Amino acid sequence: MIDLLSGYAIFSLSTVLVFVALATLLHLQFGLAGIVNFGVVGFWGLGMYAFGILLLNFQLPYFVALILAVAIVALVAFVLGWVVLDLDSQAQLVATLAFAAVIADLVTTEKWLTKGVVGLGTVPHPFGGAQSALWLLLILLVLTVGVIVYARLLGRSPFGRLLAAIRDNEVLARNLGKDTSRAKLIFFTLTSAGMGLFGALSAPVRQFLTPDLLGPGVTFSVWIALIVGGKRWPLGGLLGVLLTIFVFDFLIETYLRVPSDWAQIIPILKLMLYGVTLVLVLLFRPFGLLGDRRQPTSHL
Amino acid sequence: MLKLNAVSSGYGDVTILKEIDLDVGGEVFAVLGSNGAGKSTLMKAVAGLLRSQGGTISFEGRDVTRTAPNKLAEMGLAIVPQEGNIFPDLTVRENLSLGALVGTRPRKARMDEVFDLFPDLVPRIDQKAGSLSGGEAQMVAVGRALVQEPRLLLLDEPTTGLSPKYASSLFRKIREIHEQRRIGILLAEQNAVKALEIADRVLVLSLGAIFLNEPAKGIDFDRVRAGYHI
């Protein structure tokens with residue numbers, strides 16, 4: 001029986017919630033607005049480290065550090081977006097991937113600030129007491145639900161339709177009376193700052209920050225989850241994360257009772273199943289398991 | 001309404017339009033010419049989609065030579081490009097509603113007027129625009145531009161690829177739009193005969209220069225045709 005209130009279960013569920021939020025934010029960027037962001041881990045990791053550094057090195061109050069960390073991510077996203085968003089999708093892919101690699105490298109090399117591979121810690125929970133981890137889980141739950149609700153509302157709003165129009169045909173969208181470059185830049189900045197917020201809140205979940213957390217695996221996991229779930233749907237990220245990260249990383253890896261000889265095979269098997277799932281979805285449901293159905297629009 | 005003064009434009013270093021002077025009022029103004037004559041280049045230059053290489057463009061007395069396309073849309077200029085003129089992944093309703101990003105009148109009233117003009121779109125309202133026939137897609141494109149409530153509408157070869165029946169119907173609708181809304185229409189067309197039937201004034205472009213610019217009424221068709229054979 002799974003003990004959902006055990007320390008490890010709370011840690012795992014918190015991690016799953018962060019991935020759901022990241023996948024939903026990626027749905028907004030890619031599925032709705034057509035912005036290719038392969039630097040998810042860069043924004044997430046920058047938020048995490050900025051928060052940790054401001055809190056531990058500079059001794060700032062908890063929520064001041066949190067807000068400043070998100071502001072730093074927003075500023076970096078604004079500058080990066082300003083440079084790359086009007087380029088084509090391949091250029092966006094390479095630039096955002098490179099950005100994430102630079103963040104990971106800086107975290108490793110700038111030891112005076114990040115303590116490098118030794119690691120930065122310990123980041124405390126926002127509230128003390130015996131149930132502090134549970135409170136953090138609840139905060140993550142509320143924020144993740146908030147992101148999904150926002151995604152659903154935005155998809156039906158005039159600004160959401162403008163973003164979809166930009167994704168579909170940007171040249172034509174320029175003739176609709178709105179500055180498409182500015183709309184993309186504002187949206188990319190806000191959604192990337194959202195990734196930074198979930199990064200900052202991941203710091204107390206992880207408690208000890210090391211550069212190996214910032215590998216490209218985070219970005220790839222989020223992309224795979226969104227593609228499996230359905231990039232065009234606000235619930236696509238949630239479904240995808242439940243079917244991939246939750247099942248493989250949480251249920252199977254943690255709770256499946258297997259002979260001890262198999263224990264080393266599970267992580268390898270997990271990666272293979274990840275790959276098989278992705279290939280099957282791309283072959284038979286190229287728009288993800290939720291498909292290409294559209295949200296009802298009769299209220300327009 | 002729209003004035004071009006010695007406007008040159010093209011792609012990169014290549015100049016297609018050569019020092020064009022033009023004065024378009026609140027009329028149906030047909031721009032004719034063979035393939036490559038510069039019709040689409042003229043439309044793109046006016047809509048701000050191409051940088052002009054020289055000269056000035058003014059709209060309702062304001063210099064718009066370097067004005068961005070979105071600002072021109074706010075000022076009352078809408079374009080239906082020859083290609084890529086719909087959002088294929090969005091429904092008919094969504095395509096039309098995007099026109100309402102400018103203007104102040106209620107969106108629903110503006111969209112209802114388009115459905116009155118193009119009743120064939122009503123049963124297709126929740127269908128993706130990319131799944132429509134060529135004629136229906138063209139109605140969506142024109143309809144979206146009308147929802148913008150422009151004072152000048154640019155139509156770049158709107159009947160390309162349409163069956164003769166659809167094309168004739170669209171020409172009638174274009175005249176109807178002009179008469180009902182009293183807006184200027186700059187119409188680039190290959191089909192000179194049909195365009196002359198609905199136009200007030202005609203411009204024939206040849207190799208990027210003006211070959212002829214006259215009232216359409218009573219024009220000698222042989223002179224129009226001569227512009228195609230240079």
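Quick note: numbers below take in every heavy atom, side chains included, and nothing from hydrogens, waters or symmetry partners. All of these numbers come straight from a predicted model, not from anything done at the bench. By convention in this document, chain letters (A, B, ...) are assigned in the order of the sequence lines, proteins followed by strands, and residues within each chain are numbered from 1.
When the candidates Met75(B), Lys71(B), Arg144(B) are compared by the number of heavy-atom contacts under 4.5 Å with chain A, Arg144(B) comes out ahead. Considering only heavy-atom pairs separated by less than 4.5 Å from chain B, the leading option among Asp168(A), Val171(A), Asp179(A) is Asp168(A).
The pair Asp112(B)-Lys108(B) counts as a salt bridge, with a side-chain nitrogen and a carboxylate oxygen less than 4.0 angstrom apart.
Both the backbone and the side chain of Leu98(B) come within less than 4.5 Å of a heavy atom of chain A. Contacts between Pro88(B) and chain A at a heavy-atom distance below 4.5 Å involve backbone atoms as well as side-chain atoms. The contact between Ile86(B) and chain A is made entirely by backbone atoms, counting heavy-atom distances below 4.5 Å.
Glu157(B) and Asn191(B) share no donor-acceptor pair across their side chains, judged by distance under 3.5 Å alone. Judged by distance alone, the side chains of Gln138(B) and Thr159(B) never bring a donor and an acceptor atom under 3.5 Å apart.
Note that OG of Ser9(B) and CG of Leu17(B) are 6.0 Å apart. Values are rounded to the nearest 0.5 Å.
In this structure, Phe99(A) and Phe43(A) have tilted ring planes: the angle between them lies in the 30° to 60° band.
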